[in-house]
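Any value given below was found using the heavy atoms of this structure, including those in side chains, with hydrogens, waters and symmetry copies removed. To find a chain, count down the sequence lines: A is the first, B the second, and so on, and within it residues start at 1.
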Number of protein chains: 2
Amino acid sequence: MVTMRDVAQRAGVSIATVSFVLNDTKPVTAATRAKIEQAMAELGFRRNVVARALASRRTHIIAMAYPALDHKFGFSAAEFFTSAADAARKQDYHLVLWPVGNDGSELTELVGQGLVDGVVLMEVQLDDPRVSVLRETGTPFAMIGRTSALEGLSHVDIDFDQTVEDAVEYVYGLGHRRLALISGNLNDPLFSTYGPYVRSEAAYRRIAPQYGIETVVMESSGSTLAGQEAMARLVRDHPETTAVLIVNEFAALGAVSGLNRLGRRIPEDISVLPLLMAPEMAALTNPELTIMRTPGPELGQLGTEALIRQLEGADPLPPQLVPAKLHPGATTAPPPS
Amino acid sequence: MVTMRDVAQRAGVSIATVSFVLNDTKPVTAATRAKIEQAMAELGFRRNVVARALASRRTHIIAMAYPALDHKFGFSAAEFFTSAADAARKQDYHLVLWPVGNDGSELTELVGQGLVDGVVLMEVQLDDPRVSVLRETGTPFAMIGRTSALEGLSHVDIDFDQTVEDAVEYVYGLGHRRLALISGNLNDPLFSTYGPYVRSEAAYRRIAPQYGIETVVMESSGSTLAGQEAMARLVRDHPETTAVLIVNEFAALGAVSGLNRLGRRIPEDISVLPLLMAPEMAALTNPELTIMRTPGPELGQLGTEALIRQLEGADPLPPQLVPAKLHPGATTAPPPS
DNA sequence: CTGAAAGCGCTTACAG
DNA sequence: CTGAAAGCGCTTACAG
């Protein structure tokens, strides 16, 4: 292994000076810098990040805490992760995907080891126990999602109000007057405080009346099967519905196949518009889904940047809400006349 | 931060002795051990893994190198990753998901930094440039998949021969005599040396004749759309086909919707059997797919264990091939009479 | 602008 | 069985 000592020796300087040019932490004359850079190149030097971490008390590793037990890791999650990883890399950080339980104990374990400088929290619950853990241990963190009490917590999230408003406006504009929102199962303790369900539903209950639309909300767990079952209930209880807005992306796939199975043609008889979905997933159905596209790339990046700013002591990034945007497909059309 | 020095002081021993009980590297009397363990508990000591890494030249971090540019990170990939992460944790290692390009340059960067002890290689090509990089840098690694020249490289992989044999036997047993295999696009330079395509196709060409089955092989890229298009070609060129075996899981979803769209009922008119798929993905279609289930959990674990054995200097794990197993669904049935 | 030296929190020969 | 001490490869006051 080539060390800074080797570089310093070859360049005829001290290792401190090598460190200064490597990190750009102190002014160094152009001549000295050139000698050092040449030596580094000739020797193929790569700074040992472990030694740097120990000496600087900064590992430059960020953990993305993903509650894989409660949430499937699908295309949307992958989008968040890869954009966050890219953002981290651009700022000389490593992003580690960390599958953790939701109770915070694994997180305690992780941060106690001193491996990570900070944590990006995915799939935040309204009263997330992981937040307490991170606060108590004094670990810097940023949330993708929001707890209900924010108190200056660094976060970015989907703009559910705007997303629901845009979705309603879109289908209303197509001529639909009989809508249904399929939200989550708020009786399931795991999801009763899950932001996307709670906030989408609240937004819908507020916005639908503004359009003079009767507020029909049904619930569904986050699986294909549950989505199919929800459609059976919908067709039975609200056969007049011409457009379905649906929060969970797995349930949305089930909604499509469920409606097909029930003999409802999409979009001729009924339109389907998921409120949060990744394009890769939308391409899996036939017809391809019109979706509100989850802003995973934006939020992954913003969440990571928010955290890195904290770590670097820069001005904090103000909380940002990003709406899902309409991504055209073939599952929406004017209602049957 | 509580350090070993604090623990040693409280227990009235040297830090060396604390290290010995922590790592179980030298015999320590029960009394001393008890004192130390009590001190650790009282102080809430957690060993700093960065310091350990620097002193021992072992970070206990493993990278899973996933070529995210060329391969979608879907449910199957997630299965590999989570089972590998679990296996690593059980042996006191961290597993890091590392999205890398296929050319090896990012990998060079990563291993040069000294952050990882070894690498688990995912989606290995038959002549994978990443293998050369790891060899040249002397980085321990294990492959999930296989290059064509193995020379004692540590690997685990899908048993394509067995998988294809089981799949053919199954549909043959249902009464099918007119099969088609949808493999990959071997003209695409990215996938012409991709093991799953090459090996499945080779196995099929060998096995089909043994059953007296005419060998029909078509190609498809790995997307839903490509799978749909492949079905259009199949129905046009080989309308007599009653069972489709298909390698790529995304193309398989497209095959289902494509056949539906073409008016072929599944499974009444034609059976569909993906040769490699995760159950979460099989549940996305209607009807739910009968699949050969990708042994992701097994291979993720075995690959990680193979690597850790190398790292620990234990007896190497012999290469293991694990077949995909039949996972019943509703897309296979006897052929129309 | 540059260098000598202490120190990050551990592990590991070496000695006893 | 236990301890004193060197060392892992860096960073960072401090001094000049």
Side-chain angles (χ1 to χ4, degrees), chain A residues 1-37 39-40 43-61 92 94 111-117 311-313, chain B residues 1-37 39-40 43-61 92 94 111-117 311-313:
Chain A
M1 162 176 260
V2 182
T3 70
M4 271 174 50
R5 172 161 275 107
D6 301 323
V7 173
Q9 198 169 334
R10 182 169 195 114
V13 298
S14 75
I15 61 168
T17 307
V18 176
S19 177
F20 299 151
V21 341
L22 207 51
N23 299 304
D24 206 24
T25 40
K26 293 216 178 164
V28 172
T29 56
T32 312
R33 179 183 299 276
K35 276 193 303 185
I36 291 172
E37 280 170 351
M40 293 198 298
L43 295 170
F45 169 77
R46 282 171 196 284
R47 171 223 268 117
N48 181 305
V49 298
V50 175
R52 166 166 80 148
L54 184 59
S56 66
R57 290 108 183 282
R58 306 280 307 282
T59 63
H60 279 238
I61 299 177
D92 191 27
H94 291 305
V111 301
Q113 296 183 119
L115 225 196
V116 304
D117 288 344
L311 297 176
E312 309 265 316
Chain B
M1 160 177 259
V2 181
T3 71
M4 273 175 48
R5 174 162 273 107
D6 301 323
V7 173
Q9 197 168 335
R10 180 165 195 120
V13 299
S14 74
I15 60 166
T17 308
V18 176
S19 177
F20 298 154
V21 343
L22 208 51
N23 299 304
D24 208 24
T25 40
K26 292 215 177 162
V28 172
T29 55
T32 311
R33 178 183 300 274
K35 276 192 303 184
I36 291 172
E37 280 170 351
M40 293 199 298
L43 295 171
F45 169 76
R46 282 170 195 286
R47 172 224 266 117
N48 181 304
V49 298
V50 175
R52 168 166 77 149
L54 183 59
S56 66
R57 290 109 184 285
R58 305 281 304 284
T59 63
H60 279 238
I61 298 177
D92 191 24
H94 292 303
V111 302
Q113 296 185 117
L115 225 196
V116 304
D117 289 344
L311 297 175
E312 309 267 316

Please examine the side chains of [Y] and [X], heavy atoms only from C-beta on, and report whether any two atoms are closer than 4.5 Å.
X       : Y        : answer
A:Arg58 : A:Glu312 : yes
B:Asp6  : B:Arg10  : no
A:His60 : A:Asp117 : yes
A:Asp24 : A:Arg33  : yes

Looking for any heavy atom pair under 4.0 Å, which part of the strands does [X] touch: base, sugar-phosphate only, or nothing?
X       : result
B:Ser19 : base
A:Arg47 : sugar-phosphate
A:Thr3  : sugar-phosphate

* Go through A:Val18 and A:Val13 one step at a time and tell me if the side chain to side chain contact (heavy atoms under 4.5 Å, CB included) criterion holds. => CA-CA 7 Å; A:Val18 176; A:Val13 298; 3.9 Å; yes
Measure from [atom1] on [X] to [atom2] on [N] and round the result to the nearest Å.
X        : N      : atom1 : atom2 : value
B:Leu115 : D:dC10 : CG    : P     : 13 Å
B:Asp92  : C:dT11 : CG    : P     : 11 Å
A:Met4   : D:dG9  : CE    : P     : 12 Å
A:Asp24  : D:dT11 : CG    : P     : 13 Å
A:Phe45  : D:dG9  : CZ    : P     : 11 Å
B:Asn23  : C:dT11 : CG    : C1'   : 8 Å
B:Arg58  : C:dT11 : CZ    : P     : 12 Å
A:Gln9   : D:dC10 : CD    : P     : 14 Å

DNA chain D in dot-bracket form (Watson-Crick or G-U pairs under 3.5 Å, [ ] crossing, | inter-strand) is |||.||||||||.|||
- Query: Counting just side-chain N and O atoms, does B:Asn48 come under 4.0 Å of either OP1 or OP2 of C:dC8?
  - Reply: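 The answer is no; no side-chain N or O of B:Asn48 sits under 4.0 Å from OP1 or OP2.
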Distance from [X] atom [atom1] to [Y] atom [atom2], nearest 0.5 Å?
X        : Y       : atom1 : atom2 : result
A:Ile15  : A:Leu22 : CD1   : CG    : 11.5 Å
A:Leu115 : A:His94 : CG    : NE2   : 11.0 Å
B:Met1   : B:Leu43 : CE    : CG    : 13.0 Å

Grab the N/O contacts between the protein and nucleotides 1-4 of chain C below 3.5 Å, and write none if there aren't any.
{"residue": "C:dT2", "atom": "OP1", "partner": "A:Thr29", "partner atom": "OG1", "Å": "2.8"}
{"residue": "C:dT2", "atom": "OP1", "partner": "A:Thr32", "partner atom": "OG1", "Å": "2.2"}
{"residue": "C:dT2", "atom": "OP2", "partner": "A:Thr29", "partner atom": "N", "Å": "3.1"}
{"residue": "C:dG3", "atom": "OP2", "partner": "A:Ser14", "partner atom": "N", "Å": "2.9"}
{"residue": "C:dG3", "atom": "OP2", "partner": "A:Ser14", "partner atom": "OG", "Å": "3.3"}
{"residue": "C:dG3", "atom": "OP2", "partner": "A:Thr17", "partner atom": "OG1", "Å": "2.8"}

- Could you tell me which non-hydrogen atom of A:Phe45 sits nearest to which non-hydrogen atom of A:Thr3, and how far apart they are?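 Closest heavy-atom pair between A:Phe45 and A:Thr3: CE1-C, 3.6 Å.
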